[in-house]
Number of protein chains: 2
Amino acid sequence: MTDDGEGLPLADRLARRIRTLLISGELSPGQRLSEAAFSDRFDVSRNSLREAFRLLTKDGLLRHEANRGVFVAVPSMASIIDIYRVRRMLECGSLRQAWQQHPAIRAMRAAVEMARERRAEGDWIGVGSANMMFHTAVIDLSDSARLNEFYERISAELRLCFGLLNDPEHLHSPFVDMNDAITTLVETNRPQEAAAQMETYLNLAERTMLKALERASELA
Amino acid sequence: MTDDGEGLPLADRLARRIRTLLISGELSPGQRLSEAAFSDRFDVSRNSLREAFRLLTKDGLLRHEANRGVFVAVPSMASIIDIYRVRRMLECGSLRQAWQQHPAIRAMRAAVEMARERRAEGDWIGVGSANMMFHTAVIDLSDSARLNEFYERISAELRLCFGLLNDPEHLHSPFVDMNDAITTLVETNRPQEAAAQMETYLNLAERTMLKALERASELA
DNA sequence: ATAGAAATATTGTTGAACAATATTGACATT
DNA sequence: AATGTCAATATTGTTCAACAATATTTCTAT
């Protein structure tokens, strides 16, 4: 299952490895990523590593300061607001024009089921990734390769923000039922209502994130 | 005016220069970009050039084939359909939630005026760039840095498609009046109608592009 | 304790090197 | 003439070592 990208250019494989470190929280926001240390750690040349850094910088996961190096991006209120603006645009837009028979709807339903099961088991990380799958499926409704790719980037950036949070239960758990409702609305061919529901979902999630960020920055 | 990106990393400046070549049509779709030739041409090392190539590949302007090199992306029907799907989502979405007093509306109006003037002078290239400015202003309505950046990427990809066309007058000129109408609708606080109008605009433009592509590929 | 200067480390960029892969061209076979 | 094979050549993939330019740290004098 762990596709390590056999055959892909080294820089891409590297970027992927570092990305997983970033979204799994093993690298903290603001932390500096020394070229020497990382090229050593991954056993690649500095040049290859720099290519990977550039890719990740373009994805918004790293920040580059001239002559000072690259740093893990630090989520701010502004970035969270922006990210949720994007999500409202893409996810609500996808839902609004969704076709009742689209295969992605089954993926949405499956994600809801999975979230339910995980929640029942108290597996909050599992609930989180099922939730993730749900929203990816929503974007799939748009049938656009470019939108999918863009959403993936936004999604990774958001996961970086999750790293700041310590309370995954409170963050994802309440949303499972809303996902269910949204799925049902699409299944019964009421895309407008589904989009409206998604909008309230996202506004709520946004406020939750902002609140959490506020709490986190008070501590620091 | 020509911001050559003083202080930015070399790879970024390079990418920008090559991007200009691409969207101005000086490099043709499908053409191979030899590392040796280009690092020589721009007087930079192969390593730096490769970083730039990676950036542009991520933007969808270049295509990378393992051990074979990078090529200018060749627009296909699929890519045009996808691009217009994205444009409908972003531009209609921006309009739908537009606030009557948003400063970007003045930019839209200004772009319409400029397009009018250029058209009167028969300056079709000028009409094209004014049209471009109009749509960028529409995205500005969303107040999202990430959406703006994404749209810029999509926009560059579309300009690559324009390169296939030989008839800028027929391509842009008929749309000036629609832009005017859309702007008026937003100015008079009728965002829903503006979005609907934009949707017909984009469907029309999409069909025009597809038709042109078809003609172009018949010749080849 | 602080300002400034010297010493050190890091990034930015280059050029050369070499292995791995792709393309070309010569040659033989049908 | 068309096709297949194999060596010769060119290109990409990646590394390494070097050095200039810029930051950071350490040291010193006040």
Look at the side chain of R32(B) and decide which nucleotide, out of dT11(C), dT11(D), dT14(D), has an atom nearest to it. dT11(D)
Rounded to the nearest Å, what distance is computed from the NE2 atom of residue H64(A) to the P atom of nucleotide dT11(C)? 9 Å
Without decimals, in angstroms, what is the distance between N47(B) CG and dT12(D) C1'? 12 Å
Tell me whether the side-chain N/O atoms of S34(B) come closer than 4.0 Å to OP1 or OP2 in dT11(D). no
Kindly say if S48(A) contacts the phosphate of dT15(D), meaning a side-chain N or O under 4.0 Å from OP1 or OP2. yes
For a side-chain hydrogen bond (donor to acceptor under 3.5 Å, both in side chains) with E206(B), tell me which candidate from R88(B), K211(B), R87(B) qualifies. R88(B)
Return the value, rounded to whole Å, for the distance between atom CZ of R46(B) and atom P of dA17(D). 18 Å
Return the nearest nucleotide to the side chain of V44(A); candidates are dG13(D), dG12(C), dT15(D). dT15(D)
Atom-to-atom span, CZ of F42(A) to C1' of dT15(D) - whole angstrom: 17 Å
Rounded off to whole Å, could you give me the CG-to-C1' distance for the D40(A) and dC16(D) pair? 14 Å
Picking from dT13(C), dG13(D), dT22(D), the nucleotide nearest the side-chain atoms of N67(A) would be dT22(D)
Grab the CZ-C1' distance between R54(B) and dT14(D) for me, whole Å please. 11 Å
Ring centres under 6.0 Å, that's the criterion: do H135(B) and F175(B) meet it? no
Any side-chain heavy atom of Q31(A) within less than 4.5 Å of one from F71(A)? no
From the set dT14(D), dT11(C), dT13(C), return the single nucleotide nearest to any side-chain atom of E35(A). dT11(C)
So, F162(B) versus H172(B), ring centres under 6.0 angstrom or not? yes
Just the rounded figure in Å: distance from P of dT14(D) to CG of D43(A). 13 Å
Output the rounded distance in Å from CZ (F53(A)) to C1' (dG12(C)). 14 Å
If we count only N and O atoms by modelled type, under 3.5 Å, do the side chains of H102(A) and D143(A) hold a donor and an acceptor together? yes
Just compare dT11(C), dT13(C), dT14(D) and give me whichever is closest to any side-chain atom of R13(B). dT13(C)
